Amino acid sequence: VVEHDIRRSQEREMRTLTYFVAVSVDGFIADAAGAFDAFPMQGPHIDAIVAEYPETLPGPVRAQLGLDGPGRHFDTVLQGRRTWQVGADQGLPNAYPHLRNVVFTRSPGAVAGPGLEVVAGDPLAHVRALKEQPGGGIWLCGGGALAARLLPEIDGFVLKLNPVLLGRGVPLVDGEVPAPALERTAARDFPSGVSWLSYRPVRSPG
Ligand SMILES: NC(=O)c1ccc[n+]([C@@H]2O[C@H](COP(=O)([O-])OP(=O)(O)OC[C@H]3O[C@@H](n4cnc5c(N)ncnc54)[C@H](OP(=O)(O)O)[C@@H]3O)[C@@H](O)[C@H]2O)c1
């Protein structure tokens, strides 16, 4: 039975969880008011998102750009309730209708939207179960609190580093975490001053 299970997991590629997120040089994903409009929203780094990560754009932006294909990296997005709230407050209770959209909250009555999967249980256990299901890449949209909880299951980071200092705000990872060392796997500079830095955690086997 064990041999059979090992063969099965080798045949099926494991789903991975990637924290693909915009961040300031001093490590904040939003300012103290929860806004991120200090990050430049035009330029070649945005063109790269459109070309390479179109599934991470909100539904209305995709419609405007005529993007309706499948995701290139992800078929699922995970959001903490406060991240979801940003879209909901702008009239977008499901900003990513083209993806399986999972929102974590401890007050499930507070979250609703067409096609949303609202999860009140432990995010870590839920992600471990998701990874066991067939499917594509899983995008951790944010925010910092959810990232801290999910850190043991994050397989990769793509940090869109913006040439901006915020001083204070929402940290990239917000919580007590046994932080793994990171290995840089890619680095890319855009003429707009934005850099994309990719990392993966260095975990000891077992
Ligand atoms: N720059 C970017 O690319 C980017 C991307 C995403 C988000 N953001 C920003 O990030 C901010 C939100 O981040 P955040 O760190 O404040 O919140 P968050 O991680 O988005 O959401 C935290 C919420 O998730 C729910 N939750 C359920 N179980 C949890 C657990 N075990 N641990 C932690 N949270 C759990 C709770 O919702 P309840 O309170 O409902 O129980 C908690 O309050 C927003 O300002 C947004 O603009 C920026």
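Nothing here was measured: the structure is a model prediction, and the numbers come from that model. One-based numbering, in listed order, for ligands and for the atoms of each. Note that these values count all heavy atoms, side chains included, but never hydrogens, waters or copies made by symmetry. The residues of the chain are indexed from 1 along the displayed sequence.
Of all atoms in ligand 1, numbered sequentially from 1 with element shown, those under 4.0 Å from a heavy atom of Gly80 are 18 (P), 20 (O), 21 (O), 24 (O). Against a heavy-atom cut-off of under 4.0 Å, Phe104 is close to the following atoms of ligand 1: 24 (O), 25 (C), 26 (N), 27 (C), 37 (O). Interface atoms of ligand 1 facing Arg149, defined by a heavy-atom separation under 4.0 Å, are 31 (N), 32 (N). Close contacts between ligand 1 and Pro123 involve ligand atoms 28 (N), 29 (C), 30 (C), 31 (N) [criterion: under 4.0 Å to a heavy atom]. Using a 4.0 Å cut-off to heavy atoms of Cys141, the atoms of ligand 1 that qualify are 5 (C), 6 (C).
At least one N or O atom of Gly143 sits closer than 3.5 Å to an N or O atom of ligand 1. Residue Gly144 has at least one nitrogen or oxygen atom sitting less than 3.5 Å from a nitrogen or oxygen atom of ligand 1, judged on distance alone. Residue contacts with ligand 1: Ile29 is placed with a nitrogen or oxygen under 3.5 Å of a nitrogen or oxygen of the ligand (distance criterion only).
Residue nearest to atom 3 (O) of ligand 1, selected from Ala22, Gly34, Gly142: Ala22 (by heavy-atom distance). Counting only non-hydrogen atoms, the option in Leu146, Leu124, Thr83 that gets closest to atom 7 (C) of ligand 1 is Thr83. Of the candidates Gln85, His126, Arg81, Arg106, Arg81 brings a heavy atom nearest to atom 24 (O) of ligand 1.
Taking a cutoff of 4.0 Å between a charged side-chain nitrogen and a carboxylate oxygen, Asp174 and Arg82 do not qualify as a salt bridge.
With respect to Thr76, the side chain to side chain donor-acceptor pair (under 3.5 Å) criterion is satisfied by exactly one of Glu117, Arg15, Arg100: Arg15.
The closest approach between a heavy atom of Val86 and any atom of ligand 1 is below 4.0 Å.
The side-chain heavy atoms of Pro163 and Val194, taken from C-beta on, include a pair separated by under 4.5 Å. With a 4.5 Å cut-off on side-chain heavy atoms, Val118 and Trp84 do not count as touching.
In summary, the side chains of Asn162 and Ser24 do not present any donor paired with an acceptor at a separation below 3.5 Å, with no hydrogens or angles considered.
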Give the intermediate values and the outcome of ring-ring contact (aromatic ring centres under 6.0 Å, His included) for residues Trp139 and Tyr96.
-> CA-CA 11 Å; Trp139 170 34; Tyr96 307 106; 5.1 Å; yes
